[in-house]
Structure formats: structure tokens, C-alpha cells
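Heads up, the thing below is written out as C-alpha cells.
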Number of protein chains: 2
Amino acid sequence: MSQDTPRPDSRASRSVTLQDIAAHAGVSRSTVSLVLRESPLVAEGTRRRVQRSIKALGYVYNRGAAALRGQRTATLGVVVYDIANPFFGAMVAGIDAALNREGYVSFLANSEDSPARQQRFLERMREHRVDGILLCPAEGTAPDLIDTLTSWQMPCVQVLRHVGEPPFDYAGTDFRRGVGLAIDHLVAQGHERIAFLGGHIGHSATRERWQGYREALARHGLAYQRLLRSDVTRRAGFELIPALMAESPAPTAVLCHNDLVAFGAMLGLKRLGRVPGRDCAVIGTDDLEEAALGDPALTSIATHPHAVGEEAARLALRRIGNPDGAREQVVLSPRLQVRDSCGALSTPLESPATTT
Amino acid sequence: MSQDTPRPDSRASRSVTLQDIAAHAGVSRSTVSLVLRESPLVAEGTRRRVQRSIKALGYVYNRGAAALRGQRTATLGVVVYDIANPFFGAMVAGIDAALNREGYVSFLANSEDSPARQQRFLERMREHRVDGILLCPAEGTAPDLIDTLTSWQMPCVQVLRHVGEPPFDYAGTDFRRGVGLAIDHLVAQGHERIAFLGGHIGHSATRERWQGYREALARHGLAYQRLLRSDVTRRAGFELIPALMAESPAPTAVLCHNDLVAFGAMLGLKRLGRVPGRDCAVIGTDDLEEAALGDPALTSIATHPHAVGEEAARLALRRIGNPDGAREQVVLSPRLQVRDSCGALSTPLESPATTT
DNA sequence: TCTACGATTTGGATCAATCCAAAAACAAAA
DNA sequence: TTTTGTTTTTGGATTGATCCAAATCGTAGA
């Protein structure tokens, strides 16, 4: 038994382990482990010797095994509801950038706004023992989902939308304020009839926008109020316009749930023979890269997806490091990016948005 | 020692393990394991009993531990070079859809077209013991990267671009054919001077487009050839146009590396006071959702990102199941989506693209 | 009743790391 | 030289599942 080291060299390509490194460097398994984790305990000479052995044997760290004994997997779950939306592309890039600095990797899943799919993904990520989750809750998510995650002892940061009762961790944009900025601007231009297009009451991000809309109207003492709920797609924006413009009185400006709706609305106006920005002002939300294009260039409430992603990821890392710390809400301030579609600028064509 | 079961109940919330289920159901660890893996070996009655215990104790499968002993992690690495590009959003959604069916989860990383970042990500994914990798190689990737991955015994499917020598696994679009289709169409419209805008020679996807361009010109016996290399951004398209249109003779049509370049080119034409689709035809590549918008709507070579993603993921799963099987190339056929920017249609405005 | 055989079930070894209490090595003070 | 006190290093236990050869259970056939 102990007569000979049980070398299973018959097996093809057994992977190099800590044990092998230890033997090669003439130290113990534990010491090698300490070197790998950059512990200050090991003496400088030993460290160098071990590192040479690691290189020499072509060792590959096994994070799975480490995670089994330790408590970190250096892994984060990200669940969004529409990865094909350019907004989320930018946001995921931001998440990726923040995680990367800390050596974390992210699992990405796309719920397609289905709570059932979302639930499956969350369970799967739990099985993978992710250290935490970034969740953009699907529309119709049960409010107690956050309690469930808490009972799982799973750190969770909600992003852009939130469900359940505070306190919870959240990163997003101040939609209410953003809508306020846009309306202030329109009012300053002389608009008095401003409609709001798009959104379902199913989640917080819509409620916040609507609240901002009503508050701003009240603040300016405007009587006209027109709020049309709908999907938040180009098509929805396109299809809402004809009926809306046929009303009497018709609005002179439309504020849209996001840029996609705004693009659709501009298309709808053109179809009616009206010029967006002259005959009717249009403002979107998100300030996607393509907002600067189009004819006219779209004025939009910039919600900074990349920054939101970064903040969310950073918050998640903080929470993982300190699970019982006070919950945080990171709410970024939006900025109104004025272009031509609200009739404020005279420049007929501007250069494309500056690239990142 | 063996006098009493070593219950470490002093520790707060030790997680439920196979052992606990086994005790609760009155069977062995092994049997529970078989139930979890849906083995046909276990008797129906036993299976039900065990499943009840699993529910009762709130057991969570530990995939990390399973991966350590077994050989699958049910995990795939995905490395793209620009997740903020809407094309990749759609592609990632396709990957996600295909993986999800098989219970796989994906790690996503964004190389930002940097080979160094890409290398770090690949190493990290290797440490996480992903079962395979989907790689959209960064520009400037060393051709021997694929050999390295092979020496790691890491199944790898290249997507959209490829480096190294065949045979390799690859999923993408037939860019050469796509460009051919577009030129056929333009020639049928009477165009004789067709320029190609954008791309760097750094990767296969550009070479294939250029090859398609030259071949198609030759096929139609056209003498005019103008190929401008550049970044593949809106800005690049925008900035190339003035000089190009000032040439004598100027092209009557421009074919663009992707839709972003095409959007920029259209903007550039407008800046010069020309109407895209009337004064100069513009065709893009990818057929992003926003191609249907804009003024005029953009004619584009549809490269079906969602389908490419799905095919790539499926191929990866096949390769994981059969590492030594013959390498495969899945090359989808593009389709020319004719709209207004090439001057072929009379419809001034069309409905937005049908939603998915 | 005994044997054989297929259908189930099982315990011990294993995967590759970390944790932790204790040992060893070394230096400085008594 | 012994004692004390730091640094470093170590081996055994542990993590939670799978693998595999062997044991057990039923039951049909001799």
C-alpha cells in the first residue's frame, strides 16, 4: 500500500495537481496552495521556487475544486430580460468590465421577460453556486422572489427594475428625474400638450416614468395629460401615433418610454406626412448609439447603460464581501441629450455620436 | 469516533447533501445520486421516495462537486469582441436558446478585439473547466491559438471569423455569397460603379467579403473597383463618404461591411445634400433590426445572428459529446433584404421590421 | 429446495483543492 | 545554552458529488 506512490500513469493525460507541483518543488501541498492564493505567509525564496515548478509542469488551477472547499466561486449570475436590446449589450459590457477587474466571470441568461424562465435560470445558477446574482426582473415577477433569494442566502442586486419591498440592493437610473428634465425642456420650448408613450404597469421602471410625467405636468400647471400604455417596441410606437395625432386636441410633443418606441413614433409621424421635431417633438429614453442617427437625430434621456452595469456589478461585489451590510441603492442621474427631434436645435445633421 | 454520527449541527446552516437525503429516504448516497441523474437503474418506488425526500429537505444539487468527480461542468465559455454591437446581442440570445435546451449555462466575456484580453479570458475559462468554448476571435489573434486550444483538449467552435488552418469547427455566414447577391442586385438595377466600404484585413470575415466583391465584379465584367478599408463603425462610414463622392468618376452605389458603416454612409450622403437610394445606392450587412428604420430604410444582407448563435452552440455541444469527430463548418446562407436605400423600391416608408 | 440470473442497491475510493491546528525552522533574548 | 517568540511549513480532515466492483434482493427454472 504505502510501499509505492500510487501513480495512475496508465490513465491518459491525468491533469497536473497541487500534489505534483509540491513534489516537483520539494514542498507540501499546503504551501503550493498558499503560493497560488498569494498569501504573505510564504517566504520569498519558496514562492519563487514553487512558481517555477508551476510554470514547468504547466499547471492549471482548478477553480471547481477550490470552490468546493472554499466558499467563493468567483462567479456571478446575470439575468436580463432582453439581451438583443442594444441597451443590454452596453450594460453587459459594463458589468463585464467591472467584474473582470476582480477576477470574476459572469454567467449570462436571457429570461425573455418570462418569470418561469427566470426562475429556472436562478435555480440553475444556485446549483452552480454563483457568489451572487444581478437581476433585471422579468415583467410580472412575483414580489416575494427577493425574499426567496434572501432565504437562499444569495446576494442579489436588482438592476433597472425592482420588485418587493425595500430595503434591497438596487442599481439603476432615476427615471422620474429623467422624465422631469425632458418635460422641463419641452415646456421651455413652449409645449403645453405633451403625451407619454409606452410601457406596462408591470414593473417599477414604468411606474417611475409615469410618476415623473404626472409630477412634472403638475409642477408646470399643465392640464393636458395623455398616457398611452403599450409594449416598448418600435412597432408599438409606430402603431400608436395615427390615433394619437387624430385626437383633438392633439399633443405637440411625445415623450417615449425608450428609444425604440421613439424610433417607431418618428416613423409613424413621417407616415402621416409630418416632420418629427417640427410638426411634433419626439423625445426618447436611453440614448442608444443609434439615437444620433436617423432623420432627425433623436433627443433622448441618456440612461448610461454601461455605467449602470458597472455600478451594479460593483455593488454586487461589495455585497458578496459583506453579506449583512446595509442594503444600497445606486441611482444614477440621467442627462438630457438634446438633438433635433424636439425642435430645439437648428443643426439639420450632426456628426455621429462619439465612439466609446 | 464511530460511536455517534458526527453531526456538525453547531455550524450555522450547513447545506443539505446527498448523505442527508440518503438518511432521510433510508437508502444510500449512491442511490440518491442515481436518482438525481435520472438513471434507469433505480426502481420506481425508490425513485419516488427519494424525490420526496429531496423536496422535503430542500436539497440543492451541487454542480461544482459533481463536476469535480465527473467530467462535465455543463458550462460553455463564450468570447465575443463587441457585446455592445446589436448583432452580438442577437447572437448571444441564439446561443442562450440552444444551450438552455441542454441544461447548459454560458460564461460570457468581451474581448474588445484585444488578443491579450481574449487570452486571459480563455485561460480563466479553462480554470473554470468549461466543457467547450465559442470563440469570435479578436482581430489580430495569432493563428496558432486554435492549436493551443487543441493542446488544452478544449473543444472550440469559431464563430463568424476564423483563424488558423482547416479543419476546424466553425459557424458563420457565407459573406462571399452575400456580397455576391448584393452586387447582382445592384447590377440588375443598372449600376456599374460599385464601391465597397469598410473592414480591416485582420480577419477572415473581411477577407471573405472582399473576395466576394472582387469575384462578383469580375463575374459581371465591371472595370470599376474601389475598396476602402476602415474601422467598421458609423463614424468610419460617415467620414469616408465625402472623399469618395468627390472622386471622378464617383461610384453610384456603395456596399458596406456592416449596417453600422452603412448608417454612417447614409448620414454622410445626406450631409452632402444627396439622397441615399436615389443619388447613391447604399447596402449594408447584417440586417439589424434598426435597418428597417431610418430614412430611407436600409437594404441589407441579412446574416441572421440568432441562427448563427444557435448553430454555433449546437455544434459545440456535438463536439463536446464527440471530441474526436470530424470537424464541421456550418455556413448559413445570407439573404438580401431589399428596402429603399438601394433605390429598388418605390415605397417611401415601410412598416417596422416584424418583431421576433 | 437450491441454483442462476437479472434487477437493484451499496460502501469505499476518488476527484483537487482549502482549512486548521500543530510542528518545524529560525532568530533574538535571557 | 536555554527560553521565548516569530516566521514558515506541514499533514490530516474536509468539501459533496461520481465511479465501480461487489453485495443483496427477487424470482423463475431445475
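Proteins come first, then strands; the chains are lettered A, B, ... in the order of their sequence lines, and each starts at number 1. Because the structure is predicted, anything quoted here is derived from the model rather than measured.
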Among side-chain atoms of R126(A) and N62(B), is any donor-acceptor pair under 3.5 angstrom?
no

Nucleotide dT7(D), atom C1' - distance to CD of E44(A) in whole Å:
14 Å

For D20(A), give me all partners under salt bridge (charged side-chain N to carboxylate O under 4.0 Å, His left out), at least two apart in sequence or on another chain.
R14(A)

Under a 4.0 Å heavy-atom cut-off, which of residues 67-74 of chain A touch DNA chain C?
R69(A), G70(A), Q71(A)

Heavy atom of residues 47-66 of chain A under 4.0 Å from DNA chain C: which residues?
Y59(A), V60(A), Y61(A), N62(A), A65(A), A66(A)

Roughly, in whole Å, what's the span from NE2 in H128(B) to C1' in dA16(C)?
15 Å

Worked check of side chain to side chain contact (heavy atoms under 4.5 Å, CB included) between M125(A) and V79(A):
CA-CA 10 Å; M125(A) 288 178 174; V79(A) 183; 4.1 Å; yes

Round to a whole Å and report the spacing from CD of Q19(B) to C1' of dT15(D).
13 Å

Check step by step if side chain to side chain donor-acceptor pair (under 3.5 Å) holds for S28(B) and T31(B).
CA-CA 5 Å; S28(B) 74; T31(B) 303; 3.2 Å; yes

Would you say E44(A) has more than 12 foreign heavy atoms packed within less than 6.0 Å of its CD?
yes

So which atom in D96(A) and which in A109(B) form the shortest heavy-atom distance, rounded to 0.1 Å?
OD1-CA, 3.7 Å

Sorted by number, the residues of residues 22-32 of chain B with heavy-atom contact under 4.0 Å to DNA chain D:
R29(B), S30(B)

Length of the line joining L41(A):CG and dA22(C):C1', which is rounded to integer Å
14 Å

Distance-only, no hydrogens or angles: does the R49(B) side chain make a donor-acceptor pair with backbone N or O of A25(B) under 3.5 Å?
yes

Figure out the CG/P separation between L18(B) and dT9(C), and round it to whole Å.
16 Å

Approximate separation, where rounding is to 0.5 Å, of Y61(B) OH and L18(B) CG
8.0 Å

Are any of the side-chain heavy atoms of V157(B) and L135(B) separated by less than 4.5 Å?
no

For dT9(C), does OP1 or OP2 lie under 4.0 Å from any side-chain N or O of T46(B)?
yes

Please confirm whether the ring centroid of Y81(B) lies under 6.0 Å from the ring centroid of F88(B).
yes

Using atom CZ of R129(B) as one end and atom C1' of dA16(C) as the other, report the distance to the nearest whole Å.
9 Å

Could you tell me which residues satisfy salt bridge (charged side-chain N to carboxylate O under 4.0 Å, His left out) with R37(A), sequence neighbours excluded, listed by chain and number?
none

Plane angle bin for F168(B) and H162(B) - parallel if under 30°, tilted between 30 and 60°, otherwise perpendicular
tilted

Quick one: E127(B) CD to dA16(C) C1', roughly how many Å, whole number?
14 Å

Check nucleotides 26-28 of chain C against the protein and report each pair of N or O atoms closer than 3.5 Å, with its distance, or say if there are none.
none

Between L122(A) and W152(A), which heavy-atom pair has the shortest distance, and what is it?
O-CZ3, 3.8 Å

